[in-house]
Amino acid sequence: MEDVKEELSSYLQDKKLLKDKEADLEELITKATKITTELSDMPKRNSRSSR
């Protein structure tokens, strides 16, 4: 019975760790998407040779 409790405890800890990692990953994806959008919206630089 003690083995079952240890396995369950380990499972619950692993599940929490995965949930935390998933939240971290979502945050990184959101930041990357926001940066990409901002860079895409930046004005284009005019080349000096077109004067």
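The model shown is predicted, which means the values in this text are computed figures rather than measured ones. One-based numbering along the sequence shown.
- Distance check: D14 CG to K19 NZ gives 14.5 Å after rounding to the nearest 0.5 Å.
- Here NZ of K15 is found 10.0 Å from CG of L18. Values are rounded to the nearest 0.5 Å.
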Derivation of the side-chain contact (heavy atoms from CB on, under 4.5 Å) call for K21 and L17: CA-CA 6 Å; K21 293 294 181 185; L17 179 64; 4.1 Å; yes

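- Of the possible polar contacts, none joining the S9 side chain to the K5 backbone as a donor-acceptor pair under 3.5 Å is found.
- No more than 12 heavy atoms of other residues, nucleotides or ligands lie within 6.0 Å of CD in E22, so this atom counts as exposed by the packing criterion.
- Residues passing the side chain to side chain donor-acceptor pair (under 3.5 Å) test with K16 are D20, sequence neighbours excluded.
- With a 4.5 Å cut-off on side-chain heavy atoms, K34 and T30 do not count as touching.
- Residues passing the salt bridge (charged side-chain N to carboxylate O under 4.0 Å, His left out) test with K31 are E27, sequence neighbours excluded.
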